[in-house]
Amino acid sequence: MTSYSTTMDLDVDALSAEQASEELARLATVLAEANTDYHTEDAPTLSDAEYDRLKRRNAAIEARFAELKRPDSPSDQVGAPVASGFGKITHDVRMLSLGNAFSDEDVAEFDVSIRKYLGLASDAALTYTAEPKIDGLSLSLRYEKGVLVQAATRGDGAVGEDVTQNARTVSDIPHTLTGAPDLLEVRGEVYMSHADFEALNARQTERGGKVFANPRNAAAGSLRQLDAEITRARPLRFFAYAWGSLSEPLSDTQSGAIDALAKLGFSTNPLTEKCDGPDAMVAHYARIAELRPDLGYDIDGVVYKVDDLALQSRLGFRSTTPRWAIAHKFPAELAWTRLEGIDIQVGRTGALSPVARLAPVTVGGVVVSNATLHNEDYIKGVDSKGEEIRGGKDIRVGDLVQVYRAGDVIPKVADVDIAKRPENATAFIFPHQCPECGSDAVREEGDAVRRCSGGMICPAQAVEKLKHFVSRAAFDIDGMGAKQVEQFYADGWIAEPADIFTLQARYGSGIQQLKNREGWGEKSANALFAAIEAKRTIPLARLIFGLGIRHVGEASANMIALHYGTWAALSEAMDAARAQEGAAWDDLISIDGMGAIMAGSLVGAFAQEAERASITRLVEGLEITEAVRADTSGSPVAGKTVVFTGTLEKMTRAEAKARAERLGAKVSGSVSAKTDLLVAGPGAGSKAKKAAELGIETLDEDGWIKLIAGL
Ligand code: IVH
């Protein structure tokens, strides 16, 4: 992990020379690591937007402190050194990168700088080409006398990897050319379509192989296979957009050269267009951006190039980028795509959740084809209070929708462009019947969610409940995860939690049957039965949580278990509280942290006939261990608020916290007037100071250990 210093937060203008030098060193390391992750490992660790931002910051510091520019400056680097395992090829003509534009103003500035460099008046004619920037990896193909003799990746721009055998397996790459110059190096982008990417990942998942984060990584990982037969099985494509060494020119214009490559049999991008200035360029950019969701492959911007090759040659190159071209990048992390459908998923508690099925689109480096639509109000354009969101615009199938991803969270549909709404799009009708079991789906007052009333007769709820039951914080049955639950449920082996504990009795002698299933052998079948047996004895809290009762989470299950102690006491109390009034009910809602909603849900689960019967069948096969409240009567810290600070040398923080809580203390992260005791290890800083100011009792670690000794 790279260490971050505070200079990273300072404005470039505010940096001293010393800080600038420190920051340039940091950026060189961070960007070099990011380059390796992206180019050599095919596993990006920085988003494109963040990478671009850091590169711009580096360039801005170098512009202010030219004398501090480092010999390993990221401004002079293209890509990363080649990975081992492939032969190396030195490019005759360096394979360069492109400068970036992020706004219409940057594009106008690009035009101004070119005119300035060439001494052209602002109204002199100057034609550019504009074409999609394909998000793949660049490849140089060398043809001698019309025969493909060599293919090389970009590598660090000067030396690339020899992937000749692999390139020959790509159907878009011709093995021979007719009418080509004697020497022709064609350059372009290898990429994978969305459809092929999805199919590849599905196959990989099935085989337990590597699943790729996005089509670019899939293309890179597929081309850079040491075994060309693996590349052959991966559907790669290639767009030609440039050239390297040539024995004779293809044309005197960029557009003419691209036409010539198309005539030679290469795929060239159909959205390439000639533009007579920045206005036309950004207009074409907008058009490409609009078409992006429907292209079927990833693009991350639009590349503008000066059309006249004589002017290109006059303009030449900076250290790593041509002066005659620039990439106008699309903004990151947000993407527009088509809403192809709305599916309704039914969860463990019967909640009907609308899921957007999207035309696949890359958002922040990951292909997104599903996103949440939250609930029926969200689709309508209102929030839980009935107030308008998105200006009241509803979302319809066929709409162009904006998808966003923040960090690792589930992608969400953020906005809709109703100007682009297809004429026949109709308002979405949220189902009032469960799509899985046909039971009524009802929405109670104050609940944003519509729920299936089918309970365990609903297969979706049943499967989700079973998955929850075997999950880590519940019964935690080794070897029984979501996949196995789905398999057993589909085959009719288990329909409710109780069935898990009769599985061996019903099918155990039939390990044979289990063995015949995919993924199972005698050993794993026996291990599963042993894992189930091991959980026949279960702590009360785990059982309560495992039942999957709405609103009853892990912490609540613990509280409930501690309050009632035994299963018998709990079930008796639930029966007595059924009417939601009286002593048993009052006792239930007196539990610290228990509200009427959770209490109602708990009592309801025991009152509902089918659910109660299912719980009874389960409990009959279990040994439930009592929940014992720790006796904190002799504890000197019971009911006190304790803060730990500094380094603890004899135990971890987590351990100290758990111990204190077991002794009835409340552990807090900050010192305040409410703090009773501070335990300060070496290196304690502001918290110790504050505690001293507030006159709070403070102990060192040994003092703490002595205090709780023997408890
Ligand atoms: S022209 C001298 N055109 O973008 C530079 N590059 O960020 C010649 N790329 O290394 C490159 N689509 O891998 C060009 N239509 C396009 C492109 C394109 C994608 C890639 C290429 C390049 C990178 C720069």
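Read the numbers this way: they start at 1 and go in the same order the structure lists the ligands and their atoms.
Under the 3.5 Å distance criterion, with hydrogens and angles disregarded, a donor-acceptor pair is assigned to the side chains of S222 and R234.
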Output, or 'none' if empty, a list of ligand 1-protein atom pairs in which both atoms are N or O and the distance is under 3.5 Å, rounded to 0.1 Å.
| from | atom 1 | to | atom 2 | distance (Å) |
| --- | --- | --- | --- | --- |
| ligand 1 | 3 (N) | K305 | NZ | 3.1 |
| ligand 1 | 4 (O) | K133 | NZ | 3.1 |
| ligand 1 | 7 (O) | K133 | NZ | 3.2 |
| ligand 1 | 9 (N) | Y241 | OH | 3.4 |
| ligand 1 | 10 (O) | L96 | O | 3.4 |
| ligand 1 | 10 (O) | R154 | NH1 | 2.9 |
| ligand 1 | 12 (N) | I134 | N | 3.0 |
| ligand 1 | 13 (O) | S138 | OG | 3.3 |
| ligand 1 | 13 (O) | E189 | OE1 | 2.8 |
| ligand 1 | 13 (O) | E189 | OE2 | 3.4 |
| ligand 1 | 13 (O) | Y241 | OH | 3.2 |
| ligand 1 | 15 (N) | E131 | OE2 | 2.7 |
| ligand 1 | 15 (N) | P132 | O | 3.2 |

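Partners of D135 by salt bridge (charged side-chain N to carboxylate O under 4.0 Å, His left out), not counting sequence neighbours: none found. In this structure H284 satisfies the ring pair (Phe, Tyr, Trp, His ring centres under 6.0 Å) test with no other residue, sequence neighbours excluded.
The pair R187-E185 counts as a salt bridge, with a side-chain nitrogen and a carboxylate oxygen less than 4.0 angstrom apart.
Listed by first and then second residue, the side chain to side chain donor-acceptor pair (under 3.5 Å) pairs involving residues 298-307 are E131-K305, H194-D298, S255-D307, D298-T362, Y304-H328 (not counting sequence neighbours).
In this structure, R56 satisfies the cation-pi test against F102, with its NZ or CZ atom closer than 6.0 Å to the six-membered ring centre and inside 45 degrees of the ring normal.
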